[in-house]
Amino acid sequence: MKQSMKKLLMMLLTLAMMLALAACGNSTETGQPAAPEASQAVESNQPENTEASQPQAESDLAYVKAKGKLVIGYTVYEPMNYTDANGNFTGFDTELAILVCEKLGVEPEFVEIDWNTKEVELNSKAIDCIWNGMTIDEERKQNMEITQPYVKNAQVVLVKKGTSYEGTASLIGKTVVAEQGSAGEDTILNDENLKQADYVPKSLQTECLLELKAGTADAAVLDLTLAKTMTGEGTDYADIEIVDFLAVEDYGVGFRKGSDICAEVNKIFDALLADGTMGKLAEKYGLELAD
């Protein structure tokens, strides 16, 4: 009897073990992994660095339209952006920007900036563009989205009437001024003779004219557009004259790198050129349009 009971118990234990093993086998065959393995499997199936997984770049145009205004960075620079004798804020760039903003469906907001930190203000979104007779050069094209050229310019040397001038070599050792961060400054730093002058950077081009008038500077390197407007007979700087042309260049409007506003402004420029609006505006301010 005891022997029979022992055999029965052994059979029951064997059957239980077989059932347990079968259950484990079924779990493996049906591919049901343990929880940690499931987590690893999910992670391994995630796409790495795919275009779909990256956030889409924000549209600068949509950003500007959402706030309803284009913040325009400028410095006082006649004939581009300035206040006239009647107290009206005007200028070629001022009027052109107002026309463009109207076609974009936003309001223009003009903000006076420090020209030397213009890129910082642009990238921080303190302003949305630099629209102030900005010279197009390779470095700026690397760091900004710049419109097609719209106005011709040149860097010129100005001196007080009666000053002896025989090329930039005559300014070696003399005091020469230009606006800090400007194309005029670049021209001085890249000219073999002007590099040997005593260069003093100023905050504004108009400050350079004041230095010339006061006799505290021997020469200035400024934009032709400003020099033509602010010097000569009938101006406050009648005793200052242009004596040399150093570099021919073009102006463009600067936006944040990759900004889609730039392409829209180019389309508007094309339309304003085609209907003669930009030409009339250039004539009004004594400017020459870019080719």
Side-chain angles (χ1 to χ4, degrees), residues 73-82 91-93 112-120 130 132-141 143 151-252 254 286-288:
Y74 78 96
T75 61
V76 177
Y77 170 22
E78 192 174 348
M80 310 311 280
N81 309 87
Y82 66 101
F92 177 86
D93 274 343
E112 189 171 356
I113 60 172
D114 179 341
W115 191 253
N116 203 39
T117 59
K118 56 190 176 296
E119 289 91 347
V120 174
I130 302 164
N132 187 224
M134 185 183 75
T135 300
I136 300 172
D137 62 29
E138 288 306 313
E139 183 179 355
R140 285 173 181 163
K141 286 196 285 187
N143 298 321
V151 165
K152 279 186 180 179
N153 186 41
Q155 293 306 308
V156 295
V157 178
L158 296 100
V159 298
K160 214 167 186 180
K161 285 182 179 178
T163 301
S164 175
Y165 180 83
E166 297 177 1
T168 54
S170 61
L171 295 176
I172 294 173
K174 302 287 184 65
T175 301
V176 179
V177 291
E179 182 182 43
Q180 188 172 23
S182 70
E185 180 179 74
D186 290 340
T187 300
I188 291 170
L189 299 178
N190 290 311
D191 184 282
E192 287 304 317
N193 294 320
L194 292 176
K195 281 195 292 188
Q196 300 176 64
D198 178 17
Y199 168 54
V200 180
K202 308 303 294 184
S203 298
L204 297 169
Q205 295 197 59
T206 47
E207 287 183 27
C208 298
L209 291 173
L210 286 170
E211 295 284 348
L212 274 182
K213 187 170 183 175
T216 49
D218 298 299
V221 179
L222 306 177
D223 287 322
L224 173 63
T225 49
L226 176 137
K228 280 173 61 179
T229 303
M230 298 196 68
T231 64
E233 191 175 345
T235 71
D236 291 337
Y237 302 99
D239 58 341
I240 293 172
E241 62 182 349
I242 298 169
V243 291
D244 204 355
F245 286 71
L246 301 182
V248 177
E249 58 199 26
D250 290 317
Y251 285 160
L287 301 172
E288 187 176 348

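Checking Asp93 against Asn132 by side-chain atom types alone, no donor-acceptor pair falls below 3.5 Å. Judged by distance alone, the side chains of Thr135 and Glu249 do bring a donor and an acceptor atom under 3.5 Å apart.
Using a 4.5 Å cut-off on side-chain heavy atoms (C-beta onward), Val156 and Val221 make no contact.
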Extract all donor-acceptor atom pairs below 3.5 Å that involve side chains of residues 171-180 and protein atoms in other chains or at least two apart in sequence.
none

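In terms of heavy-atom proximity, Ala154 sits nearest to Phe245 at CB-CD2, 4.2 Å. Minimum interatomic distance between Ala219 and Val159 (heavy atoms only, all atoms of both residues): CB-CG1, 3.9 Å. Nearest heavy-atom pair across Lys160 and Leu212 is CD-O, 3.7 Å. Across all their heavy atoms, Ser170 and Gly167 have their closest contact at OG-O, 2.6 Å. Contact record, Glu192 with Gln196: O-NE2, 3.0 Å, taken as the closest heavy-atom pair. Closest non-hydrogen pair, Ile242 versus Ala227, comes out as CD1-CB, 3.9 Å.
Within the structure, every pair that satisfies the side chain to side chain donor-acceptor pair (under 3.5 Å) test and touches residues 231-248, not counting sequence neighbours, is listed here: Tyr165-Asp244. The side chain to side chain donor-acceptor pair (under 3.5 Å) contacts involving residues 200-212 comprise Lys202-Glu211, Gln205-Asp223, Glu211-Thr216, where partners must be two or more places apart or lie in separate chains.
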*For side chain to side chain contact (heavy atoms under 4.5 Å, CB included), just list the numbers for Thr75 and Asn81, CA-CA rounded to whole Å, side-chain angles, deciding distance to a tenth of an Å, and then say yes or no.*
CA-CA 7 Å; Thr75 61; Asn81 309 87; over 6 Å; no
*Could you go through the side chain to side chain contact (heavy atoms under 4.5 Å, CB included) check for Gln155 and Leu224 one step at a time?*
CA-CA 6 Å; Gln155 293 306 308; Leu224 173 63; over 6 Å; no
*Given the rule in the side chain to side chain contact (heavy atoms under 4.5 Å, CB included) test, do Tyr74 and Met80 qualify, once you have shown the distances and angles that lead to the verdict?*
CA-CA 9 Å; Tyr74 78 96; Met80 310 311 280; over 6 Å; no
*Trace of the side chain to side chain contact (heavy atoms under 4.5 Å, CB included) decision for Thr225 with Leu287*: CA-CA 7 Å; Thr225 49; Leu287 301 172; 3.4 Å; yes
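With sequence neighbours excluded, no residue satisfies salt bridge (Lys or Arg N to Asp or Glu O under 4.0 Å) with Lys161. For Phe92, there are no ring-ring contact (aromatic ring centres under 6.0 Å, His included) partners two or more places apart in sequence or in a different chain. Listed by chain and residue number, Lys152 satisfy the salt bridge (Lys or Arg N to Asp or Glu O under 4.0 Å) test with Glu288 (two or more places apart in sequence, or in another chain).
Atom OH in Tyr77 sits 12.0 Å away from atom CE in Met134 (nearest 0.5 Å). Annotation: the span from Leu246 atom CG to Asn190 atom CG amounts to 11.5 Å, rounded to 0.5 Å. Leu226 CG to Leu204 CG: the interatomic distance, rounded to the nearest 0.5 Å, is 10.0 Å. With values rounded to the nearest 0.5 angstrom, Thr168 atom OG1 is found 5.0 Å from Leu194 atom CG. With rounding to the nearest 0.5 angstrom, the CD atom of Glu112 is 9.5 Å from the CG atom of Asp114. To the nearest 0.5 Å, atoms CG (Leu222) and OG1 (Thr187) are separated by 10.5 Å.
The main-chain N or O of Glu185 is found under 3.5 Å from a side-chain atom of Ser182 such that the two form a donor-acceptor pair.
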